[in-house]
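Below: the structure, in structure tokens.
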Amino acid sequence: MEELPKHFDHKTLEPEIYKRWEASGFFSPDNLPVGRSAFGGNPNKDKAFTIIMPPPNANGSLHIGHALFVTTQDIMIRYKRMAGFKTLWLPGADHAGFETQVVYTKKIEKEGRRFWEIPREQLYNEIKDFTLANKTFMEGQLKALGASADWSREKFTLDEDIKAVVYDTFKMLHDDGLIYRGARIINWCPKHQTSLADLEVVHPEVADTFYYLKYGPFTIATARPETKFGDKYVIVHPDDQRYAQFKDREQFDVEWINGPIKATLIKDPMMDMTLGTGAMTITPWHSAEDFDLAQKYDLPKEQIIDWTGKLLPIAGEFAGQHISKARALIVEKMKGKGLLVKTEPYTHAVPACYKCGTAVEPQIRPQWFLAMTKEPKKGGKSLRDLAVEAVNSGAVTFTTDRFRLDFLRWMENLRDWNISHQIVWGIQIPAWYKGDEIKIGETSPGEGWTQDADVFSTWFSSGQWPFATLMTNRPGDFEKFYPTDVMETGWDILFFWVARMVMFGLYRTGKAPFKTVYLHGLVRDKDRQKMSKSKDNMVDPLGVAGEYGTDAVRMALVSGNAAGTDPIISEDKIRGYRNFTTKLWNMAKFVLQFTDVFETNDGVTPRDEEVLHELEAVKKQVTSYLDEYKLHLAAESIYHYTWHTVADKLIEEYKPRLNSVDKADAAIAIKTLMKVFSECLKMLHPFMPFVTEEIWGKLALRSPSGEEGTMLIVEKW
RNA sequence: GGGCACUUAGCUCAGUGGUAGAGCGUUCCAUUCACAUUGGAAAGGUCACAGGUUCAAUCCCUGUAGUGCCCACCA
């Protein structure tokens with residue numbers, strides 16, 4: 001029997017152990033020894049357990065949040081693998097279109113280059129190189145964290161076969177009338193020069209001013225006087241007594257900012273009589289609400305602000321000025337003309353780009369939209385209804401009920417989704433134009449056709465990830481592993497990603513892509529701050545893992561935090577679990593001394609019986625926690641049992657027997673202790689895979705009929 | 001404007017319809033023991049506040065206060 005070194009040398013051993021696992025082939029469901037006799041009567045041998053890994057954005061290095069998802073999913077996967085399932089954890093990487101382009105834009109600016117001056121193709125290739133380099137780097141990091149994923153099945157969101165699936169979906173949705181191109185109001189970020197989906201817009205409160213302006217016989221209130229140049233319609237409520245003397249469609253003269261105009265009154269019940277003066281003018285090009293009114297009454301729409309945020313010639317003397325500077329000047333002029341009645345402080349939510357915080361400018365632009373609430377031409381339910389039904393019927397469940405309610409509430413008020421982005425990095429929309437004609441297809445329909453310059457929202461493609469990755473992998477994978485079992489990801493992308501996956505999955509395959517949604521929290525620093533590069537409070541998981549060991553980091557991430565709440569990670573906590581690693585190591589060193597008296601056929605004593613009973617109770621408890629996805633409770637139970645029952649009490653109690661002259665009883669005692677310790681190792685393995693695997697190998701422990709080697713990763717749970 | 005969550009030991013957090021738990025920290029004791037990356041012990045909480053349901057509430061219900069978060073095209 002080999003002597004154990006004084007410490008578990010995680011730095012050199014972790015990579016070695018990982019290589020051993022990889023070489024074993026056990027990360028792949030195809031190679032699992034689920035039918036071998038050690039698993040005797042394995043009831044799960046024909047069952048699959050699948051998790052599709054949320055593909056990390058390949059535009060940087062892993063942060064501690066990634067370590068949390070790796071740990072959480074790896075625990076589920078390792079547990080099920082040991083329980084005898086055909087277990088697949090399918091890894092991947094996301095090109096993360098807009099996100100990555102933003103990251104790369106910053107890099108370019110740092111280098112003193114100008115993003116908009118670089119030709120599209122060159123930019124694409126540069127970002128591609130950047131992304132692929134990051135992708136390789138991150139794969140190494142995922143492995144360092146112990147991810148027992150099947151790398152032979154890894155996919156990337158820009159793989160040709162994945163793109164082909166995405167094109168197919170687009171075509172099907174288009175044929176079904178669910179995808180349409182329309183010149184509608186979109187959220188335009190003047191800095192990033194792209195439209196944003198509604199979800200990509202945030203609404204910070206801004207202390208603003210409400211301007212009351214004289215508009216002919218009316219007084220209107222607005223927070224954006226700089227958009228008002230072309231306003232020719234004033235709207236009031238039909239029942240508003242203040243305006244009873246005016247008739248619907250009545251025309252009147254207005255002395256306006258740049259001279260007299262002819263205006264028209266429209267009475268519409270959408271007006272809120274309690275707000276401002278109950279009268280407003282409309283700017284259909286730059287307000288969604290006004291756009292709807294203009295559509296309703298077929299009113300003209302005119303662009304006032306250009307794509308960079310500057311006023312157009314309609315603004316007269318203000319043309320060419322940026323709106324951020326023009327407002328004050330315009331108000332000054334109105335004041336001079338006696339048009340400014342009064343001002344009021346006004347705090348309201350102003351839409352802004354979620355990336356740069358620049359105020360979003362509503363603009364009209366032809367874009368591709370995905371209808372959320374419309375029924376497909378071929379019949380059946382709308383995407384929204386499909387998803388709602390899947391959740392209501394229990395086909396998709398949430399481990400945290402709160403998120404189920406969030407999901408359903410969000411679904412209630414869904415508007416059509418703008419899937420076009422005016423960026424270069426991503427999958428270009430497979431639509432071709434010639435005059436007024438539109439054709440959908442991956443390749444050009446012929447001479448004279450030009451392809452849409454826009455690319456899909458990343459979420460449009462990643463929303464198809466579960467079935468796309470399985471359809472494009474080994475033959476039979478889709479049938480075997482879809483629908484998957486668990487979708488484990490952060491709650492912050494419940495709407496962005498989880499909701500879209502449910503909709504697309506149901507639409508394309510008739511089945512929800514996963515049965516259970518497990519959402520973890522966002523890792524915070526000790527001041528509760530969300531970690532971000534800009535705040536410089538990022539914890540590098542590989543850094544702390546290098547210092548304390550990956551097992552300690554994993555335990556610290558999973559212990560003491562319930563699913564869905566935001567964990568706070570501190571170095572103290574990691575250090576505590578590093579101590580546990582050492583404790584485990586020393587327990588191994590201790591039992592190792594007695595393995596020469598391991599073999600005995602004698603029956604155990606009543607006390608041993610009792611000890612083994614307690615072990616069974618702990619196993620049962622840990623197993624049921626794992627089955628309920630209460631990973632933190634499972635971790636704490638087994639941690640507590642191992643340290644404070646087995647190490648502190650049992651070993652101390654058994655010492656006299658182990659050293660007794662009665663060799664027969666010593667053999668029984670060590671047999672019992674061995675059993676207890678080896679079960680601890682098994683239970684700890686999903687949480688602390690490295691140290692447990694190493695100890696298992698050193699002790700050459702075998703399950704009674706484990707004829708195929710001694711890797712803990714496939715020992716029977 | 002809607003909605004949700006949280007408030008438990010000095011700190012960070014678990015947890016449960018039956019007189020509260022962990023880690024870290026603090027105090028005391030032990031030390032040629034597998035392990036000082038240790039062991040034993042201790043101090044420390046009216047489980048935010050006020051009502052209600054119950055034989056019994058920290059846990060269920062209602063309200064209040066504070067904190068945080070999500071959603072939202074009202075000028």
Side-chain angles (χ1 to χ4, degrees), chain A residues 4 6-8 184-187 198-199 201-203 210-213 220-224 227-228 231 234-236 270-272 274-283 286-293 346 348-351 360 362 400-403 405-406 408-415 491-492 494-495 521-522 524-528 530 548-549 552 555-556 559-562 564-594 630 632-633 635-637 639-640 643-644 647-649 651-652 655 658-659:
Chain A
L4 280 189
K6 198 161 167 50
H7 301 292
F8 174 62
R184 297 190 15 190
I185 281 272
I186 47 109
N187 310 296
D198 295 333
L199 264 182
V201 174
V202 291
H203 304 266
F210 219 19
Y211 301 92
Y212 287 77
L213 306 173
I220 59 151
T222 180
R224 301 199 64 193
T227 65
K228 297 281 147 201
D231 290 14
V234 63
I235 323 291
V236 300
M270 61 72 64
M271 286 300 292
D272 179 350
T274 65
L275 201 66
T277 60
M280 72 169 188
T281 60
I282 60 164
T283 314
H286 298 289
S287 157
E289 193 185 28
D290 297 0
F291 177 85
D292 289 345
L293 276 169
Y346 182 55
H348 62 152
V350 176
V360 156
T400 306
D401 197 53
R402 187 172 91 233
F403 294 129
L405 299 172
D406 283 350
L408 292 172
R409 238 188 310 274
W410 186 70
M411 286 286 172
E412 275 171 27
N413 299 311
L414 261 191
R415 293 190 298 148
W491 59 252
D492 53 323
L494 172 60
F495 307 136
L522 273 42
R524 312 271 170 166
D525 70 6
K526 55 186 185 307
D527 300 319
R528 258 185 199 303
K530 202 167 155 178
Y548 300 108
M555 276 300 268
S559 298
N561 77 269
T565 55
D566 295 347
I568 292 178
I569 193 77
S570 70
E571 214 161 310
D572 275 349
K573 194 172 177 186
I574 299 170
R575 200 178 295 121
Y577 286 106
R578 187 273 318 270
N579 294 355
F580 180 55
T581 311
T582 308
K583 177 55 100 174
L584 202 61
W585 190 253
N586 280 305
M587 288 168 77
K589 271 168 73 176
F590 177 78
V591 294
L592 186 70
Q593 304 170 78
F594 302 97
K630 294 180 175 169
H632 61 300
L633 296 182
E636 282 155 32
S637 298
Y639 165 84
H640 215 257
W643 195 330
H644 300 299
D648 291 349
K649 300 207 172 70
I651 287 184
E652 292 309 317
K655 272 178 185 170
L658 298 173
N659 296 310

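Throughout, protein chains are lettered first and strands after them, A, B, ... in sequence-line order, and every chain is numbered starting at 1.
Under the side chain to side chain donor-acceptor pair (under 3.5 Å) criterion, W410(A) pairs with no residue, sequence neighbours left out. Every residue two or more places apart in sequence or in another chain that forms a side chain to side chain donor-acceptor pair (under 3.5 Å) with T283(A) is listed here: K228(A), D231(A). With sequence neighbours excluded, the residues forming a side chain to side chain contact (heavy atoms under 4.5 Å, CB included) with V201(A) are N187(A), L196(A), H203(A), P351(A), V360(A), listed by chain and number. Partners of D290(A) according to the side chain to side chain donor-acceptor pair (under 3.5 Å) rule, which considers only residues two or more places apart in sequence or in another chain, are S287(A). Taking D292(A) as the reference, nothing meets the side chain to side chain contact (heavy atoms under 4.5 Å, CB included) condition, with sequence neighbours excluded. For the side chain to side chain donor-acceptor pair (under 3.5 Å) test, residues two or more places apart in sequence or in another chain that qualify with D648(A) are H644(A). Among residues two or more places apart in sequence or in another chain, the ring-ring contact (aromatic ring centres under 6.0 Å, His included) test is passed with Y212(A) by F210(A). Judged as a side chain to side chain contact (heavy atoms under 4.5 Å, CB included), and not counting sequence neighbours, the contacts of K573(A) are A556(A), S570(A), Y577(A). Under the rule for a side chain to side chain contact (heavy atoms under 4.5 Å, CB included), the partners of R409(A) that lie at least two apart in sequence or sit in another chain are L405(A), D406(A), E412(A).
In this structure, G278(A) reaches the bases: a heavy-atom distance under 4.0 Å links it to at least one base atom across the strands shown. Contacts of A647(A) with the nucleic acid, taken as non-hydrogen atoms under 4.0 Å apart, include base atoms.
When all heavy atoms of A647(A) and M587(A) are compared, the pair lying nearest together is CB-SD, 3.8 Å.
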Practice prompt. Both distances under 3.5 Å, Watson-Crick or G-U wobble: on that basis, could you give the dot-bracket string for RNA chain B, with [ ] for crossing pairs and | for other-strand partners?
Written response: (((((((..((((.......)))).(((((.......))))).....(((((.......))))))))))))....
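Within the structure, every side-chain polar atom (N or O) of W491(A) is placed at least 4.0 Å from both OP1 and OP2 of rC4(B). Considering only side-chain N and O atoms, H7(A) lies nowhere under 4.0 angstrom from the phosphate OP1 or OP2 of rC35(B). Remark: K583(A) is in phosphate contact with rG39(B), judged by side-chain N or O atoms under 4.0 Å from OP1 or OP2.
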Distances under 3.5 Å between protein N/O atoms and the N/O atoms of nucleotides 71-74 of chain B, please, pair by pair.
unit_1, atom_1, unit_2, atom_2, d
rC73(B), OP1, R415(A), NE, 3.1
rC73(B), OP1, R415(A), NH2, 2.5
rC73(B), O2, E289(A), N, 3.3
rC73(B), N4, R415(A), NH1, 3.3
rC74(B), O2', E289(A), OE1, 2.8
rC74(B), N3, D272(A), OD2, 3.2
rC74(B), N4, D272(A), OD2, 3.2

Where do N or O atoms of nucleotides 21-25 of chain B meet protein N or O atoms at under 3.5 Å, pair by pair?
unit_1, atom_1, unit_2, atom_2, d
rC24(B), O2', D572(A), OD2, 3.1

